[in-house]
Structure formats: structure tokens, C-alpha cells
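Encoded as C-alpha cells, the structure appears first; notes follow it.
Only heavy atoms go into these numbers, but all of them, side chains included; no hydrogens, no water, no symmetry mates. The chains referred to below are lettered A, B, ... by the order of the sequence lines, with proteins before strands, and numbering in each begins at 1.
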Amino acid sequence: MHKKTIMRAIGLTVAATLTVGITACSSGGDESTTFKIWHYEDPTSAMGIAWNQAIEVFEEEHPDVTVEFQSKAFDQIQQSAGMILNSDAVPDVMEYNKGNATAGLLASQGLLTDLSDAAEERGWDDMLPTSIQTTAKYDEQGVMGSGGWYGVPTYGAFATMFYNKDMFADLGLSVPTTLDELEDVMDAFVADGTTPLATGGADYPAGQLFYELALQKADRQFVNDYQLYENPVDFHGEELQFGADTFDEWVKKGYISGDAASLSAEDMGTAWEAGTYPMMFTVSAWYGRVTNEVTDFDWGIFNFPGNSLSAGSSGNLWVIPTNAANKDLAEDFIDITLRPEQQELMGNSGGLPVIEGVEISDERSKELNDAFAEYLESDGLAFYPDWPVPGYFEDLVAAFQSLINQSKSPDAVLDELAASYEDGVATVTGN
Amino acid sequence: MAPVKSGRRSAAYIRSRVGYWPYLVPGVLLFIAVIVVPFAMNLYFSFTSWRGIGEPEWIGLENYLELASDSTFWISFRNSIAMVVAIVVIPTAIGLLLAATFFDFIGRRFGPRVASVLRALYYLPQVVPVVAAGLLWTWILQPQTGGLNTVLRAVGLDSLALNWLGDPETALPTVMSVLVWFQIGYPIVVFMAALERVDPELYEAAEMDGAPWFTRMRAITIPQIRPEIFVVTLTGTISALQVFAPIYVLTGGGPENSTNVPSYFSYTSFFTRAQVGYGAAIATVLALVVLLVALVMIRFQARSEKEDSEL
């Protein structure tokens with residue numbers, strides 16, 4: 001069946017490309033300019049809302065241009081971007097995933113426009129904080145952090161701790177400010193017969209918790225080594241060893257459920273929302289949903305105690321394909337999405353704007369933005385653990401399933417992670 | 001008259017020479033486009049290092065050499081044997097028993113309509129989309145709030161409420177059980193159709209001789225419907241070696257690779273790891289294994305049919 005699936009995937013892509021090609025040809029005869037935008041954010045999400053407003057502003061400012069917006073599926077872009085961008089049927093501006101394996105790969109193949117001049121002319125390089133800019137730049141090998149601008153981030157994301165205030169109050173606990181205090185809080189819950197931390201071993205949460213624990217001991221240089229390959233990474237060095245050992249200890253102490261290996265991120269979130277667990281460490285993207293869905297207890301967030309670095313980064317990027325027909329218009333559009341009005345709307349809709357001086361009036365949104373600002377101001381975004389190597393997501397999932405199930409030692413898990421990391425880095429850098 | 005005659009003759013001549021070949025052209029073209037070209041492309045990619053875009057780099061047999069020492073690859077093929085057990089061996093054995101029971105017992109005692117309804121019910125999992133049914137199973141098997149464990153805990157069997165898909169010890173047997181559920185209807189339907197074909201006089205004669213049910217099954221039913229058993233076994237084995245969707249939905253090959261299968265391994269290499277050449281090499285090996293197994297089985301069937309006809 002696998003061949004069928006792959007064939008089908010290729011077939012669909014070819015079919016999609018052809019269809020898009022035909023559409024493009026048929027509209028080629030028009031006199032007026034058609035400006036094509038593709039993105040894959042839900043229209044009700046903060047980004048979807050803000051970008052809809054950006055499209056309206058763009059239409060007002062360019063009355064002679066017809067905007068053609070297409071909503072794409074994340075997987076559709078993820079799996080076929082290379083083939084689409086190689087054709088003539090490209091949009092003028094498109095949302096694309098940040099990181100070496102995605103935007104970096106396309107940039108290194110010459111499929112994306114170098115926006116360095118535009119970034120300077122339009123002031124994007126002054127507007128955006130340093131750790132947000134990291135994901136905008138890619139070198140010749142497609143490694144992020146240096147080189148030209150190949151994408152423009154317009155929002156942020158990070159990982160934080162969601163907590164159930166009612167459950168904390170029941171045991172008379174307050175928000176921990178150090179790792180020791182966090183462990184005391186978790187001990188109190190364990191003594192009360194409650195597993196304190198919701199997690200999903202079959203998905204991203206377990207790997208993120210490991211990385212966040214490693215970041216307790218890390219500095220910016222470690223992040224640059226791990227994410228940007230500046231120096232070789234010692235998986236038995238202080239940082240990652242601490243991450244794996246502590247994770248293992250937390251499983252043994254019952255902070256994390258031994259059942260969690262097969263649980264998805266969805267399972268984690270719904271169990272926390274149902275009040276089964278007092279805490280959940282996960283990405284800020286959950287914030288909007290939790291705001292809408294949790295009605296029967298009081299909740300809040302706090303950043304991981306004691307971390308000056310945290311999992312987090314810019315959101316996805318706007319990119320302009322090399323074959324795009326209207327590059328100037330595309331730059332105009334990107335610029336509109338970075339204006340205070342659009343950034344403010346995004347912020348008040350539960351998103352994380354990235355330019356300075358955005359006023360957030362919505363109380364809930366403000367809590368999230370304040371927590372994000374802690375990392376943004378100190379250049380504390382350390383990206384995500386699965387970024388450095390294509391397919392590392394699966395490796396991290398398998399590794400922490402082993403620790404949750406207690407079937408392997410932290411050392412054995414780190415050895416496996418080291419092996420696939422080195423393999424992957426060699427593939428990316430071609431060494 | 002002469003030219004007309006010769007013209008007619010040449011048209012007939014052409015027709016006799018060309019025969020039905022033109023009618024095969026659409027099929028051949030489709031075969032080339034859908035099978036030959038992708039297969040050749042896959043074979044070519046398997047000799048390259050390629051990330052999906054840019055220029056593939058020719059590296060000869062390197063992918064295959066790497067595969068030979070890749071433990072995940074061997075685990076995935078070992079799991080293929082488990083898939084054959086779950087998709088072929090168990091459903092065929094149970095299917096045979098159930099088909100015979102429905103046909104002989106239920107059909108006679110309660111009428112053919114009851115037997116048809118039962119057959120349709122057992123076939124239902126084959127009709128339901130794999131992804132939908134697979135998601136339902138993940139809900140049922142969810143360790144904390146899933147239906148199965150909730151029931152087990154409610155009746156006091158807490159120690160049996162395992163982490164079905166999350167523990168490497170139980171994940172493979174659990175996946176196999178779900179696959180049996182998926183597959184069971186197929187042999188039942190085929191075997192019940194086959195049983196219609198068996199001459200009832202054979203059974204009547206055996207019954208008069210006092211042969212018990214199980215002996216009749218062994219001596220009459222199985223030899224009579226042997227061609228159908230071969231078909232079920234062959235098609236089942238091929239789909240077992242290629243199984244993808246249930247793994248994708250149920251476990252994603254995990255936990256800790258314990259349920260990985262070659263097709264899923266190929267997919268993750270190809271798409272999520274962007275190691276297209278490596279993924280293509282796995283696919284090529286899998287295609288060869290499937291081809292080989294199918295050929296051996298067809299040869300075996302041909303030989304046993306020949307032996308039968310010689311008896």
C-alpha cells in the first residue's frame with residue numbers, strides 16, 4: 001500500500017500542479033494584475049483575522065490589482081512546495097514553515113527570493129527582534145541564522161506552562177519561581193494522588209519538555225551549536241544530559257503519567273482542559289483554544305521556572321517565490337502585515353505580534369503577550385528541539401516514549417538522539 | 001473489380017495480422033504511465049542521495065548497504081511477518097470456520113437470510129474507511145479515558161487495563177488484533193461464495209457414512225474450496241506486506257518503532273526525513289519481496305493444482 005500512497009501523493013501533486021498551471025494560463029490574458037496570496041492559517045485564528053484585514057488594506061491601496069487568496073492545507077504546502085515552486089504556477093506571496101528543513105532547503109535551491117534589500121529599505125531589520133530574525137535568514141546551505149533574508153516572520157510562538165488555579169488553590173500552592181519550587185509543587189500533587197503534569201508521548205510535548213529542561217543549564221552558544229551547527233553538540237554534556245536525566249526522574253517520581261507514551265498532544269490538551277491534571281507545558285498556540293473551551297475552572301500561565309531561554313521562535317514566514325510575477329506588490333503586502341494596526345488586531349485576537357510598541361487591550365491576550373515579552377526582550381527564544389534535522393520529530397517521539405515507558409536509560413536515549421542528529425546534520429550540510 | 005477485390009483482401013490481411021493488438025494500446029499506455037515509469041523512477045532514486053528538490057546525486061548501492069545495517073529496517077520486516085499472521089493466517093483460519101458455520105449450521109437452521117445478514121455484518125469493517133475505523137480504535141484503546149479500559153476498570157479488572165498502543169510489549173499484538181477485525185470479513189465472503197459451489201451430495205454421502213462435522217470440513221470443504229483459499233492467502237499476503245494506513249492511524253510506527261512496517265518506514269524516510277533515495281530503496285526492496293512471495297505462492301498453487309488433476 002505504501003507505493004500506492006507515495007504514487008498517489010506524487011499523482012495528486014502533479015495533478016494539482018497541472019490544474020494550477022491551467023488556471024494560471026487561462027488568467028494570463030487578463031489586462032489587470034492578479035495578485036496571488038497563499039496561506040494555511042485558519043480564518044478564525046489570530047493570524048487569519050489579521051491577514052484578512054491586511055488583504056483589505058492592500059486592496060484599498062492598490063485599487064487596480066485583483067487579489068486572489070487561496071487557503072491551503074498545511075500538509076499540501078509541506079509536501080509539495082518544492083515541486084510547486086519549481087513550476088510557473090506560483091503565488092506572489094506565500095506562507096511557509098520556518099527552519100532549515102523547510103524554508104532553508106527551498107532557499108538553498110534558489111526557489112525563494114532574496115529579500116535582504118527589501119528588509120533594509122522597508123526597515124524590517126530594525127522592526128523585528130534578534131531571535132525572531134534568526135528564522136528569516138538562511139545561508140547557502142539553507143542553515144538559518146545568517147545569510148540573506150528569505151522570509152519575513154510576522155508573529156511569534158513559544159512554550160509555556162498552563163496551570164489550573166483552582167487545583168493550586170485547593171492544595172494551597174502558589175506559582176513556582178524555581179525548578180526546586182516546581183518539583184515541590186509537583187510532589188504536593190503526587191502526595192494528593194494527582195499526576196501533576198499532562199503530556200503526550202506520541203507527539204511534540206515530551207520532546208519540548210526535555211528541551212526546556214536542558215535549557216535550564218544552557219546559554220545562547222549551546223542553542224547556536226544545537227540549532228545552527230556552530231560547534232559539535234555533546235549529547236552527554238551538561239545541558240542535554242540534565243534534560244534527559246530530569247525527564248527520567250520525573251517519570252519515576254510520578255510527575256508524568258507512565259501511560260503517556262501513546263497519548264497525542266490532543267489527548268494532553270483535552271485531559272488538562274477536563275481538569276484531570278493541574279499543569280500542562282505546551283506551545284502558546286493552545287492559548288486561544290483554552291480561552292474558548294475552559295469555562296469551569298480558573299486558569300493562567302507561567303513561564304517555565306528558572307529558564308532564561310525557552311522553546312519558542314518566530315511563527316511561519318512570508319516568502320516570495322523566485323518565479324513570482326509581482327514581487328514589489330508582495331513586499332507591499334508583507335509590509336502591511338507588519339504595520340501596527342494589523343499587529344494589534346493579531347495581538348488582541350490571541351496571537352503574538354512581534355513588532356515593538358503594540359498595545360494589547362484584551363486582558364487574556366495581554367497575559368500571553370507579557371509572558372512572551374519576557375523571552376523576547378532578553379533574546380530568549382531557543383527554537384524547537386526537532387528543528388535541526390529533518391525527521392528529528394519522530395526520533396524525539398521514539399526517544400521519550402522509551403523514557404516514559406522506562407524501557408531505556410537516559411544515556412541510551414541520548415546516544416540514539418546523538419546518532420540521528422549527527423546523521424541529519426551531515427545530510428543538511430552535505431559533509 | 002480487381003482493385004476493389006485486392007483492397008478488400010488487404011484490409012482483411014491487415015486485420016488478420018494486427019489482430020486485437022490495437023485494443024491493448026490504452027491498457028499498455030496506462031500500465032506504462034502508472035506502473036512502469038514510477039517503478040523505474042523509484043529504482044533510479046534508490047541509487048541516489050536526494051532531498052526531494054534540486055539534483056539527485058548518484059551514489060550507487062550506498063542506500064542498500066546502509067539498509068542492510070539499519071536495525072529499523074530489519075524490525076520493520078520482522079513486523080511484516082506479524083502482519084501476515086494478522087491479515088492472512090488468523091483471518092483465513094477463523095474465516096473458514098465461520099463461513100462453514102454460517103453456511104452449514106446457521107444457513108440450515110435459521111435460513112439463508114440470517115446467514116447473509118451475519119456475513120454482511122462481518123464484512124462491514126472492510127467497507128468502513130480505514131482511517132475512520134482506525135481513529136475509532138485509537139479512542140477505544142486510549143489508556144486513560146478509552147472505552148476498553150473504562151469497561152475493564154468498571155468490572156474490577158484494573159490490572160488488565162493496559163496501555164494498549166503505548167507499551168512496546170502490547171502495541172504489536174494490539175495492532176494485530178485490530179487488523180484481524182479489519183480483515184475477517186473478506187475470507188468469510190469469499191469462502192461462503194465458494195461453499196455454494198460445492199456439490200451437496202458429497203456432504204450427504206459423508207453424513208450417511210457418519211462422518212462428524214470436523215471430518216467433513218477437513219475431507220470435503222477445505223479440498224473443494226482450495227482455489228479460493230489460495231486467492232485469499234495470496235491477496236492477503238500482498239496487502240499484509242504493504243500495510244500502511246492502519247499503522248499510520250493507530251501508532252505511527254511507535255512506540256519506539258515497535259510497530260513500524262516497511263511501507264511506513266519508507267514513507268517517513270521519503271517525506272518527513274527528506275531522504276528520498278533511502279525511502280526509494282526501502283520501497284524497491286519491498287516491491288521485490290512482494291514480487292518474490294507472490295511468484296512463489298503462484299508456483300505453489302500451480303503445482304498443487306497439477307497434482308490434484310493428476311490424482
Euclidean distance, A:Asp259 CG relative to B:Trp164 CH2, rounded to 0.5 Å: 12.0 Å
To the nearest 0.5 Å, how far apart are OG1 in B:Thr138 and CG in A:Asp267? 8.0 Å
Does the B:Glu256 side chain pair with the main chain of A:Ala398, one donor and one acceptor, at a distance under 3.5 Å? no
So does B:Gln126 have more than 12 non-hydrogen atoms from other groups sitting under 6.0 Å from CD? yes
Measure A:Leu85 against the heavy atoms of chain B and call it side chain, backbone, both or neither at under 4.5 Å. neither
Taking CD in B:Glu169 as the centre, count heavy atoms belonging to other residues, nucleotides or ligands within less than 6.0 Å. Is the count above 12? no
Non-hydrogen atoms of chain B under 4.5 Å away: do they reach the side chain of A:Leu106, the backbone, both or neither? both
Using a cut-off of 6.0 Å, state whether more than 12 heavy atoms not belonging to B:Trp74 lie near its atom CH2. no
Go through A:Leu111, A:Asn86, A:Leu105, A:Thr270 and name the one with the most non-hydrogen pairs under 4.5 angstrom from chain B. A:Leu105
Shortest non-hydrogen contact from B:Asp167 toward A:Asn405: CA-ND2, 4.2 Å
Using side chain to side chain contact (heavy atoms under 4.5 Å, CB included), reason through B:Asn163 and A:Ser262 one step at a time and then give a plain yes or no. CA-CA 8 Å; B:Asn163 187 3; A:Ser262 64; 3.1 Å; yes
Around B:Tyr248, counting heavy atoms of other residues, nucleotides and ligands shown, do more than 12 lie under 6.0 Å from its OH? no
Atom group of A:Ser402 that falls short of 4.5 Å from chain B, counting heavy atoms: both
List the steps and the verdict of side chain to side chain contact (heavy atoms under 4.5 Å, CB included) for B:Gln144 and A:Thr276. CA-CA 10 Å; B:Gln144 296 171 342; A:Thr276 313; 5.8 Å; no
Chain A contact via B:Gln275 - side chain, backbone, both or neither, heavy atoms under 4.5 Å: side chain
Do the side-chain N and O atoms of A:Glu394 and B:Thr268 include a donor-acceptor pair separated by under 3.5 angstrom? no
Quick one: are B:Arg273 and A:Val389 in side-chain contact, heavy atoms under 4.5 Å? no
Do any of residues 411-420 of chain A come closer than 4.5 Å to chain B, heavy atom to heavy atom, and if so which ones, in number order? none
